[in-house]
Amino acid sequence: MSNITIRLPSTRRTQNQYETGTSYLVTPGDVITEDTDYMRGHGTYCTGDADDKLYSSVAGVVERINKLICVRALKSRYTGEVGDIVVGRVKEVQQKRWKIETNSRLDSILQLSSVNLPGGELRRRSATDELNMRSYLNEGDLISAEVPQVNVDGILSLHTRSLRYGKLSQGCLVIVSPSLIKRRKNHIHNLSCGASIILANNGYIWIYTTQHSSQTEEGDGGFIISNESIPIEDREIICRLRNCIKCLAKRSVVLYDTSILYAYEASMSYKVKQLLDDEVCDEIVNKTIYLLQQANVGNSEY
Amino acid sequence: FELISDEGYRFDGRKPSELRRVRCNMGVFTQADGSAYIEQGNTKVLAAIYGPHEASNNMRSRVCLDKCFINCEFSQAMFSSAERKKRSRGDRKGKDMSAHIKQTFEAAVRTQLYPRSQIDIYLQVLHSDGSLYCACVNAATLALIDAGIAMKDYVCACSASLTKETSLIDINHVEELAGCAEFSAAIMPKLDQIIYSELNGRIHQDELGQLVDAVTNGCKDIFAVIDRFEVITDNTEIAVSPRSLHS
């Protein structure tokens with residue numbers, strides 16, 4: 001007999017429940033300004049006719065930096081920037097390069113010359129390496145990488161020339177909207193709850209167990225793929241983190257190490273599977289927002 | 001039989017210039033980049049947008065170097081109309097509809113911003129009760145906005161028919177079957193541009209102006225409904241995200 005859960009009636013969220021502050025929302029076709037002094041940024045356009053009005057082309061928030069006006073869409077695909085950390089899936093193995101799916105507009109490219117091959121940093125890529133590309137990264141593998149360069153047409157080049165990046169072995173992938181990831185100095189965290197997390201800028205979050213054995217801080221570059229089974233406690237931590245992230249993402253709370261840890265702490269009074277209920281989810285998120293506000297009292301950030 | 005009663009009401013109790021009830025919902029799928037569901041009276045349509053993304057293998061030949069191409073697939077559920085009928089995806093009606101919707105959105109989406117990419121528009125009719133094209137366009141507009149794809153303006157579509165010198169807007173299935181001329185158009189309401197129009201049947205030249213006016217007003221009414229809905233959802237989305245609070 002399966003249990004039947006009946007949800008409590010929930011109040012419809014109305015406009016005045018949350019104050020929007022000073023954010024200025026537009027939808028496609030809205031006139032942002034009729035002043036000709038401003039420069040048009042992303043998400044805006046002008047018709048080029050006699051009227052020099054600036055129109056919005058997406059639904060989102062208007063941002064003004066001096067004379068530049070941009071509209072940031074509420075939800076969109078990932079647009080890469082140099083220095084970002086991404087998690088992606090190998091889609092295709094081509095000659096001398098891999099095509100990686102990273103939730104961006106076009107597939108990203110990982111050149112054979114920008115990966116670390118076993119046997120030293122300064123090794124020439126020979127024809128044998130080219131033939132063995134599949135043995136290193138095959139279709140369907142997940143990797144973490146950094147963006148050193150964005151090409152003219154928006155294609156990202158990736159590199160994994162650091163032991164922090166490389167192939168990902170055992171763990172859990174959570175996909176959220178890229179706009180929810182907060183840009184920080186560090187995107188790879190060893191959380192105090194016993195798991196590690198890669199908060200990639202493209203909205204792909206990788207949760208895995210912390211490797212205690214690795215002697216370096218950096219990681220193993222994905223060369224050591226261990227398939228030994230992970231104890232049930234660690235799996236529970238990973239699942240709990242995953243559900244917490246899903247809860248936060250559902251209510252559009254920005255994701256970074258602190259917010260995730262607060263949500264994790266707030267969830268401790270529930271079983272892992274209970275976190276999928278909407279009421280429990282709401283409670284955890286409210287608690288997290290409260291804790292974040294508490295932590296940021298006197299901090300102008302919030 | 002008469003489409004308008006002596007009291008001036010239509011079959012379903014509407015006045016000639018009255019829309020059916022419009023209800024919509026955005027973000028109904030989590031997997032898609034953008035999605036929307038719209039109900040116009042009994043016509044119910046689901047739209048899903050994937051993209052802009054790398055062109056899929058079987059569409060490599062359609063890739064443009066300076067803009068993206070739009071791929072539209074229209075399908076009607078087996079149970080959507082009165083007669084239960086199995087429709088294959090590539091039947092003539094579906095192909096026509098896809099082509100028309102594709103053309104409509106090629107005029108509205110700013111395709112040159114997404115070179116070498118592909119945007120997929122998938123439309124699924126769950127319940128068909130007239131004005132299918134219009135419901136599909138309205139659903140796709142909402143889904144494209146949800147996906148954050150750059151467009152010049154909203155695209156709103158509405159249909160109209162003419163009987164006894166009165167124009168009926170947002171016609172339903174019964175009125176479609178009555179055999180009067182059916183005129184549908186898609187407009188960009190804020191820019192005041194017509195980007196698509198189609199006339200099935202014959203009308204007198206002098207009546208066209210009246211019909212265009214009726215459809216334009218209908219589209220603007222639909223826009224008013226959709227836009228109000230859109231703004232409300234936007235605000236709630238924004239409000240809970242701390243990131244946008246301090247931006």
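Per chain, numbering begins at 1; letters A, B, ... match sequence-line order.
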Under 3.5 Å side-chain donor-acceptor pair for T27(A) and K190(B): yes
Under 3.5 Å side-chain donor-acceptor pair for S56(B) and Q118(B): yes
Measure [X] against the heavy atoms of chain B and call it side chain, backbone, both or neither at under 4.5 Å.
X: I155(A); value: side chain
X: T44(A); value: backbone
X: S56(A); value: backbone

Would you tabulate the side-chain donor-acceptor contacts of residues 135-151 of chain B under 3.5 Å, counting partners in other chains and residues two or more places apart, or write 'none'?
unit_1, atom_1, unit_2, atom_2, d
N138(B), OD1, A157(B), N, 3.0
N138(B), ND2, Q40(B), OE1, 3.0
N138(B), ND2, C134(B), O, 3.2
N138(B), ND2, A157(B), O, 3.4
T141(B), OG1, V137(B), O, 2.8
T141(B), OG1, V155(B), O, 2.8
D146(B), OD2, K75(A), NZ, 3.2
D146(B), OD2, G27(B), N, 3.4
D146(B), OD2, S35(B), N, 3.0

Side chain, backbone, both or neither of R116(B) within contact of chain A (heavy atoms, under 4.5 Å): both
Any residue meeting salt bridge (charged side-chain N to carboxylate O under 4.0 Å, His left out) with R40(A), in chain and number order, not counting sequence neighbours: none
